[in-house]
Structure formats: C-alpha cells, structure tokens
Amino acid sequence: MPLLIAYASLSGNTRDLARQVRARCEARGHAVTWLEAGLHTPADIGDPRHDLYLLGSWTDNAGRTPAEMKRFIADLVAAVGRPANVAVFGTGETQWGEEYYCGAVRRIARFFDSPFPTLEIEQMPHGQHDALAIRRWTDQVLDTIGADTHADPARHLA
C-alpha cells in the first residue's frame, strides 16, 4: 500500500521519530513516499494520492502548528481534498506546560478528524520504551486499515 510520511522538524527530534515510523512501515512491506514539510510539497511527488498519510510535527509556541506544516497541509488539501486516512505523530516538551505539549499533533489530528490515536513523544525518541510505543502505534495504524501487504499475510512481523 502506498503511504506518505510528511514531517516538520526543528531540532531533528521529529525527523528521528519519522525515520522510525518509516522503518516500521517499510519492514511491513509498504512503499513509503518521504517528504519534509518546508522543503517539499505534495506537487514534488507527482501524484500525491496515497492510501494512508502519516503526518509528523513538532509543536511551536503555545501549542501551535509550525508554519511549514500548515503550508504543507494546505497544499495537500488543495491537491487531494481532505483525506480520510491521516494518522498524526510528533514530539513536544512538557516543560512548556501540559496544555501545550504536542499541541500541533492534536490540532492536526482534529483538523483531519483522524480516526487514529496520536503518537506523542517527549522531546526525542530514545530507549526501548519509545521504540516499543512507536512500533505499537505504527502497527495499530496499519492494522486498522488492513494494510499488511506482506507476501505472506498470515505472517506478522514483530
């Protein structure tokens, strides 16, 4: 199944998280289109239609979505409408207040009325706890849409 992973990252934390999500999707046999918001637009990939959109973002001032991700989302909606299968992940810092923590992730998920849970990682992904959370979230999203395209569908890759 063709998937699009698009992310915005200020310090590299969200990029690292996106890389782990990408690795899990590819391990499960999916073709992944990879874009960095602010550097690429949906027009850069030819046909921007995908079966699943995985959007990742850091959180800007007071829980806001960064400008480059807002532009990417506007371009995506202009190109394909508001897709139904959008899952959102990102990074944040609780030191700025729980009400702002991963605010961009929550805002993007609300905008798309995402049927999926969000993946929220404190600062940067590290350690077994985060690795397990990333794997479980990615698997849950892929399993929800019946997205296992492994040559042997009965085989579940851990």
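Hydrophobic clustering, defined by side-chain heavy atoms of Ile, Leu, Val, Met, Phe, Trp and Tyr closer than 4.5 Å, leaves Tyr100 isolated from every other such residue.
In the hydrophobic clustering of this structure, Leu142 groups with Trp34; members are Ile, Leu, Val, Met, Phe, Trp, Tyr whose side-chain heavy atoms approach within less than 4.5 Å, directly or through other members. Under the 4.5 Å side-chain heavy-atom criterion for Ile, Leu, Val, Met, Phe, Trp and Tyr, Tyr53 and Met1 are members of distinct hydrophobic clusters.
In this structure, the side chain of Ser114 engages the main chain of Val86 through a donor-acceptor pair within 3.5 Å. In this structure, the side chain of His126 engages the main chain of Met124 through a donor-acceptor pair within 3.5 Å. Put simply, the side chain of Thr59 gets close to the backbone of Gly103: a donor and an acceptor are under 3.5 Å apart.
Using a 4.5 Å heavy-atom cutoff, the side chains of Ile134 and Pro125 are in contact. Between Thr138 and Cys25 there is a side-chain heavy-atom pair separated by less than 4.5 Å. Two residues are said to be in side-chain contact when any heavy atoms from C-beta on lie closer than 4.5 Å; Asp51 and His30 fail this criterion. Between Cys102 and Thr118 there is no side-chain heavy-atom pair separated by less than 4.5 Å. Thr94 places a side-chain heavy atom less than 4.5 Å from the side chain of Glu122.
Judged as a side chain to side chain contact (heavy atoms under 4.5 Å, CB included), and not counting sequence neighbours, the contacts of Pro117 are Trp137, Gln140. In terms of the side chain to side chain contact (heavy atoms under 4.5 Å, CB included) criterion, residue partners of Val77 (sequence neighbours excluded) are, by chain and number, Ile73, Phe111, Phe112. Applying the side chain to side chain contact (heavy atoms under 4.5 Å, CB included) criterion to Arg106, with sequence neighbours excluded, gives Glu98, Tyr101, Arg110, Glu120. A search for side chain to side chain contact (heavy atoms under 4.5 Å, CB included) contacts involving Arg136 returns Leu132, not counting sequence neighbours. With sequence neighbours left out, the ring-ring contact (aromatic ring centres under 6.0 Å, His included) criterion links Phe72 to no other residue. Scanning for salt bridge (charged side-chain N to carboxylate O under 4.0 Å, His left out) contacts around Glu26 gives Arg22, with sequence neighbours left out. For Asp47, the salt bridge (charged side-chain N to carboxylate O under 4.0 Å, His left out) partners are Arg49, not counting sequence neighbours.
Taking each heavy atom of Ile5 and Ala18 in turn, the nearest pair found is CG2-CB, 4.3 Å. What you find for Ala84 and Pro115 is that their closest heavy atoms are O-CD, 3.7 Å. For Pro48 against Val80, the heavy-atom pair with the smallest separation is CG-CG1, 3.7 Å. Of all non-hydrogen atoms in Leu17 and Gly90, the two that sit nearest each other are CD2-O, 3.6 Å.
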Under 3.5 Å, side-chain donor or acceptor atoms of residues 35-46 against the rest of the protein: list the pairs with distances, not counting sequence neighbours.
unit_1 : atom_1 : unit_2 : atom_2 : d
Glu36  : OE1    : Tyr7   : OH     : 3.2
His40  : ND1    : Glu36  : N      : 3.1
His40  : ND1    : Glu36  : O      : 3.4
Thr41  : OG1    : Ala43  : N      : 3.3
Asp44  : OD2    : Thr41  : N      : 2.7

Where do Val141 and Val21 land on the side-chain contact (heavy atoms from CB on, under 4.5 Å) test, with the steps shown first?
-> CA-CA 11 Å; Val141 169; Val21 171; over 6 Å; no

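Listed by first and then second residue, the side chain to side chain donor-acceptor pair (under 3.5 Å) pairs involving residues 65-86 are Trp58-Glu68 (not counting sequence neighbours). Each salt bridge (charged side-chain N to carboxylate O under 4.0 Å, His left out) pair with one or both residues in residues 54-64, not counting sequence neighbours, would appear here, but there are none. Within the structure, salt bridge (charged side-chain N to carboxylate O under 4.0 Å, His left out) contacts touching residues 11-21 (residues at least two apart or in different chains) are Asp16-Arg19.
Enclosure of atom CD in Gln128 is not indicated, since only 12 or fewer non-hydrogen atoms of other residues, nucleotides or ligands lie within 6.0 angstrom.
Checked against Val105 for a side chain to side chain contact (heavy atoms under 4.5 Å, CB included), the options Val88, Thr14, Leu119 give a single hit: Val88.
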